[in-house]
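Remarks on the structure that follows.
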2 protein chains.
Amino acid sequence: MGRWQPNARGRLTQAAYELYGERGYEQTTVAEIAKRAGLTERTFFRHFADKREVLFAGSEVLQEAFVNAVIDAPESVAPADAVTAALETVGAVLQDRELSRQRQRLIEANAELRERELIKLASLATAIADALRSRGVPDLTASLAAEVGMAVFKVAFQRWLDGTGDEDLAGYVRESVAELKAVTPDA
Amino acid sequence: MGRWQPNARGRLTQAAYELYGERGYEQTTVAEIAKRAGLTERTFFRHFADKREVLFAGSEVLQEAFVNAVIDAPESVAPADAVTAALETVGAVLQDRELSRQRQRLIEANAELRERELIKLASLATAIADALRSRGVPDLTASLAAEVGMAVFKVAFQRWLDGTGDEDLAGYVRESVAELKAVTPDA
DNA sequence: AAGACGATGTCAGTGGCTGTCATCACTATA
DNA sequence: TATAGTGATGACAGCCACTGACATCGTCTT
């Protein structure tokens, strides 16, 4: 047996979710999270950059999946379609709607957490724009396609969470893309 | 003569801009800002909710102008065009490009400030979506038009700041809207 | 067996932010 | 003209997020 209990990071994550859920994010101190995980406050900050980051640990995975989907799209595919395809791919990563709902409830209840979510999405947009540029897509086109892609994702994700049936995220993405076409101002 | 020097809020704002510019945001303490303004740290927090907010004081004005422009658009105008028109209106509020550049340089140099900027833009998107809904625009359409509007604004604003000539912001907005039409995936 | 390594603990310190109470010029009202 | 507010500020104590520095001690290498 090792000197320490295994999976310190996982225990911290679970403790954080529990406490944020029980008392709310603001009413929870990092020391409390660490204590429930059988660790010290200092160790929490060795695993997570700050008190918020524990809720956003999966975002690198999401971003990587996203970027790969864009890069792997066939040469011939238009930028917007590459992004749309990538958006639908992400639907596969986020299967557990109830878990997403729970997490989103925490995030929406607190402005700091909302800020962190937004910067993650912005970072995602930047990464997608870079991926498009690496495909030879011009600057303005790449930025705009990425930003609009995020706009669609935000709206579709929200509607997916609010939905009652068991439609998958990809379906909402398609719906929003269709609406986007209708919304886009005509020349 | 009053008991105190006039315009405490303005002095705090100026001191903050100076110090953030001289040493950077992180290297500046609120106590230093207050001292330069001839006040105490406690008073700073009576005028601004936190250390970042001093750089975002004008955002309510911008948001109000934006929302009014959407609301005041003629009944007949399509949602997207109402938003586009509002975007161009904002160009009038942000005339001083050099000042905007300086502020943006500060914001981009610091993740916390970037987070705050993003939540202000998100709040703007929400307000615009609400304004559209008050015009009878359906939910999905309103959300999407507002989000896409912000996407266009982000890209156009960035390009305006990066630009060398003396084009106005509205020109970049028009350019980006045109590109948006080209980017939007066809049915 | 000795030493390097790595995850954790301990502790002191900084700085953002808040609650509370005191101060005191100005203002309204008796 | 006295008196009782009022409102912006100061003073002070305290919480908590976060950091740097050093100690600890199983485990792994050689």
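Scope of the values below: all heavy atoms of this structure, side chains included, with no hydrogens, waters or symmetry mates.
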Which nucleotide wins on minimum distance to the side chain of [X], given the candidates [options]?
X	options	value
R3(B)	dC16(D), dC24(C), dT19(D)	dC24(C)
F45(A)	dG6(C), dA17(D), dG16(C)	dA17(D)
W4(A)	dA7(C), dC18(D), dC17(C)	dA7(C)
K51(B)	dG16(C), dT8(C), dA17(D)	dG16(C)

Determine: side-chain N/O of T43(B) to OP1/OP2 of dG10(D), distance under 4.0 Å, yes or no.
->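 Yes, T43(B) has a side-chain N/O under 4.0 Å of OP1/OP2 on dG10(D).
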Length of the line joining [X]:[atom1] and [N]:[atom2], which is rounded to integer Å:
X	N	atom1	atom2	result
N110(B)	dG16(C)	CG	P	12 Å
E115(B)	dG16(C)	CD	P	16 Å
H47(B)	dG10(D)	NE2	C1'	12 Å
E41(B)	dG19(C)	CD	C1'	14 Å
K35(A)	dA17(D)	NZ	C1'	19 Å
D50(B)	dT18(C)	CG	P	8 Å

Side-chain-base donor-acceptor pair under 3.5 Å for R46(B) and dG10(D) =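 Indeed, a donor on one side and an acceptor on the other fall under 3.5 Å apart.
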No-H, no-angle donor-acceptor pair, R42(A) side chain to dG20(D) base, under 3.5 Å =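 Result: at least one qualifying N/O pair found.
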E117(A) side chain to Q104(A) side chain, donor-acceptor N/O pair below 3.5 angstrom =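 Q104(A) and E117(A) do have a side-chain donor-acceptor pair below 3.5 Å.
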Considering heavy-atom distances to DNA chain D, does L39(B) or A49(A) have its closest nucleotide positioned more toward the 5' end?
->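 Comparing both residues, the 5'-ward one is L39(B).
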R103(B) charged N/C atom sitting above F56(B) aromatic ring, 6.0 Å / 45° |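 Yes, a cation-pi geometry.
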Identify whether the distance between the nearest side-chain nitrogen and carboxylate oxygen of E32(A) and R23(A) falls below 4.0 Å.
->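 Salt bridge flag = yes for R23(A) with E32(A).
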So, are R159(A) and D162(A) salt-bridged, with charged N and O less than 4.0 Å apart?
->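 Answer for the salt bridge query: no.
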Can you label the angle between the F153(B) ring and the F157(B) ring as parallel, tilted or perpendicular, going by 30° and 60°?
->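 F153(B) vs F157(B) ring planes: parallel.
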